[in-house]
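As the structure is a prediction and not an experimental result, all values here were calculated from the model. Below, chains carry the letters A, B, ... as their sequence lines are ordered, and counting in each starts from 1. Only this structure's heavy atoms are used, side chains among them; waters, hydrogens and symmetry mates stay out.
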Amino acid sequence: MCFYGGRGLTLPESDYFCSLTFPAPRPLSKPIPMHHLSEQEQIRRNKLDELRSLGIDPYPSELFDVNFYAQEIQDNYHPELNNFQEVTLAGRLMSVRVMGKASFAELMDSSGRIQLYVNRDEICPGEDKTLYNAVFKKLLDLGDFIGVKGYVFKTQVGETSVHVKELVLLSKSLHPLPVVREAVDEATGEKKTYDAFTDPEARYRQRYVDLVVNPQVRDTFVKRTQLVQAMRNYLNDKGYLEVETPILQPLYGGAAARPFKTFHNTLDMTLYLRIANELYLKRLIVGGFDGVYEFSKDFRNEGMSRFHNPEFTQMELYVAYKDYYWMMDLVEEMVERVAMALHGKTEVQVGQNVINFQRPWKRFTMAESIQHFTGVDISELDEEGLRAAAKQLHVPLDPSMGKAKIIDEIFGEHVEPKLIQPTFITDYPVEMSPLAKKHRSKPGLVERFEAICNGKEICNAFSELNDPIDQRQRFEDQLELGKRGDTEAMVLDEDFLRALEYGMPPTAGLGIGIDRLSMIMTNSNSIQDVLFFPQMKPEKLEKAPAKPEADNS
RNA sequence: GAUUCUGUAGCUCAGCUGGUAGAGCAGUACACUUUUAAUGUACGGGUCCUGGGUUCGAAUCCCAGCGGGAUCACCA
């Protein structure tokens with residue numbers, strides 16, 4: 001069966017490379033005056049025409065079945081085994097070294113790279129040497145997708161290579177890729193990279209280019225996905241239900257943050273993009289599920305930094321009949337498992353530090369941690385005393401700050417940045433946690449913990465507040481804050497209160513920042529490095545020619 | 001939002017006290033049948049982010065704007 005026709009310059013005996021009737025050459029493409037073309041871009045466009053005039057479709061439709069990937073050949077080829085003697089590979093052409101009638105090239109597929117050996121008389125066994133002399137040497141460019149068939153061997157210098165017997169163009173690249181090259185320094189044995197594609201703006205805007213030329217970027221995103229999969233597997237094994245809740249919400253809730261606002265035309269109403277999942281997931285616990293979780297994009301209309309993107313990913317989990325101590329155990333186990341899944345060990349290099357996620361993690365109450373790092377015992381202090389302590393510790397305050405906020409400032413200034421190894425901080429002031437249950441024995445505190453790692457919070461969890469009367473009071477306190485101008489104060493969600501009134505079992509809840517955890521697990525310095533397409537201002541592109549207005553008459 | 005650095009060829013970067021731009025890689029052409037940052041020779045390639053200003057003359061100095069990075073503030 002021939003399912004790969006349309007190639008004029010390929011070998012007829014191959015399934016993939018069979019020759020059928022040529023497609024009629026299209027009219028030569030003229031330079032399209034959409035934007036300024038560089039010399040190299042124009043040359044590549046000209047090559048399209050030349051290819052078509054040779055009967056070669058630069059964008060063939062037929063599938064191209066590969067039977068191996070570059071990496072598995074690199075890993076498993078042994079000359080004495082004489083394996084990989086019929087391989088079909090496809091990928092981008094990343095380098096070419098022409099040496100007369102033979103050439104070396106590098107093919108990159110989704111797994112990695114492998115060298116190709118292309119010999120004129122092997123790919124052109126007959127009189128016609130056009131495929132080699134014209135197509136391969138002149139009309140192919142770095143970045144083009146090609147397919148090859150051949151056998152694997154080792155060159156004299158020991159490089160595992162594919163001896164190409166057949167070669168086809170699968171897709172022409174019109175935009176030159178950055179040419180990044182690597183070499184091993186003979187003196188030091190270190191790998192050196194030349195002309196790396198490093199400009200952050202270009203890398204983030206054109207992530208596709210970043211992914212093509214920077215293999216470590218690809219690794220980072222694969223690890224991010226593995227992280228999510230490891231968590232999902234863990235939670236599924238426990239029998240919890242993955243669910244989906246609304247992103248467009250008439251009321252936003254579950255966190256202290258400013259929302260994005262949008263509008264639904266048919267309903268004629270304002271909607272908000274969710275800032276957290278909490279209130280919907282708890283409704284599902286009310287509804288009778290024992291354990292529910294959601295990986296969710298949340299949206300917060302706030303400042304951006306290397307730790308903040310306007311949309312970010314959280315995993316929230318709620319489990320009935322549990323409390324926050326139980327949830328700490330779960331977090332330890334789950335994150336340890338993530339580290340193992342990604343690195344095969346519990347230690348992870350992050351910047352200058354090696355972070356060890358092995359259980360058990362250290363646990364301090366917030367007051368203990370402050371005492372440990374500052375020597376000040378805040379647990380018995382009133383607002384006046386806290387203010388004095390903050391001043392002594394050089395923590396800047398403003399007069400509007402209450403007791404809880406002052407404690408939070410001291411903690412943020414003197415404790416959090418020093419917690420490098422994963423550490424649980426427990427028992428927060430009630431004013432900062434309007435959705436958490438009051439502590440069973442410590443007045444003024446709630447049953448809440450955060451896990452801090454590398455100086456940053458990676459998760460936040462409580463014994464969930466399920467007393468509807470208390471919850472209403474907390475919401476009303478938030479409304480007061482809102483009236484006083486706190487733009488992040490929570491709004492009162494009457495339906496959520498109604499749900500609690502029906503009764504919610506004691507429940508432990510968790511929110512874990514997937515982007516933050518990904519940064520740590522991949523040793524990334526910026527959230528932009530763990531988001532494929534971080535939010536950026538629009539790029540100034542040259543204007544396309546004005547489109548005629550659609551005729552709606 | 002504040003401070004600061006930054007924007008030059010497809011990529012990485014030079015470009016001094018102002019005189020209309022250079023290098024390496026990439027590209028084009030030729031040579032070369034096991035190379036590997038292949039090599040050799042030759043040749044092309046620029047809206048110096050944008051707009052003003054100063055000047056005989058601006059990539060360079062000044063002002064404004066746009067984009068980006070870093071740090072800080074708010075936040076996860």
Peer 1: Between A:R306 (CZ) and B:G68 (P), how many Å, whole number?
Peer 2: 18 Å
Peer 1: Check for me whether the distance between the ring centres of A:Y272 and A:F260 falls short of 6.0 Å.
Peer 2: no
Peer 1: May I have the distance from A:R181 (atom CZ) to B:A37 (atom C1'), rounded to whole angstrom?
Peer 2: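 Distance check: A:R181 CZ to B:A37 C1' gives 5 Å.
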Peer 1: Counting only N and O atoms by type, is there a donor-acceptor contact under 3.5 Å from the side chain of A:K47 to the main-chain atoms of A:K138?
Peer 2: yes
Peer 1: Using a distance-only criterion (donor-acceptor N/O pair, under 3.5 Å, no hydrogens), is the base of B:A76 paired with the side chain of A:E457?
Peer 2: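 Counting by modelled atom types and ignoring angles, no donor-acceptor contact under 3.5 Å is found here.
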Peer 1: Report the residues that fulfil side-chain hydrogen bond (donor to acceptor under 3.5 Å, both in side chains) with A:E159, sequence neighbours left out, ordered by chain and then residue number.
Peer 2: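 Here no residue qualifies.
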Peer 1: Parallel, tilted or perpendicular for A:F84 and A:Y77, by the 30°/60° rule?
Peer 2: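 If you compare the ring of A:F84 with that of A:Y77, the planes turn out tilted.
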Peer 1: Quick one: is A:R97 getting a side-chain N or O under 4.0 Å of the B:A38 phosphate, OP1 or OP2?
Peer 2: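 Answer is yes, contact under 4.0 Å.
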Peer 1: Could you give the CD1-to-P distance, from A:I114 to B:U36, as a whole number of Å?
Peer 2: 18 Å
Peer 1: For A:F104 and B:C32, what is the distance between atoms CZ and P respectively, to the nearest whole Å?
Peer 2: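 Result: 16 Å.
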Peer 1: So if I take residues 309-319 of chain A and measure heavy-atom distances to RNA chain B, which residues fall below 4.0 Å?
Peer 2: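 Heavy-atom contacts with RNA chain B come from A:N309, A:F312.
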Peer 1: Over how many whole Å does the gap from A:D199 atom CG to B:G69 atom P extend?
Peer 2: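 Computing the A:D199:CG to B:G69:P distance gives 9 Å.
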Peer 1: How far does CZ of A:F153 sit from CG of A:N82, to the nearest 0.5 angstrom?
Peer 2: 13.0 Å
Peer 1: Taking the nucleotide of RNA chain B with the closest heavy atom to each, which residue, A:V157 or A:P176, is nearer the 5' end?
Peer 2: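 Nearer the 5' end of the strand: A:P176.
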Peer 1: Any N or O donor-acceptor pair linking the side chain of A:E39 to the base of B:G27 at under 3.5 Å?
Peer 2: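 Checked by distance alone, the answer is no.
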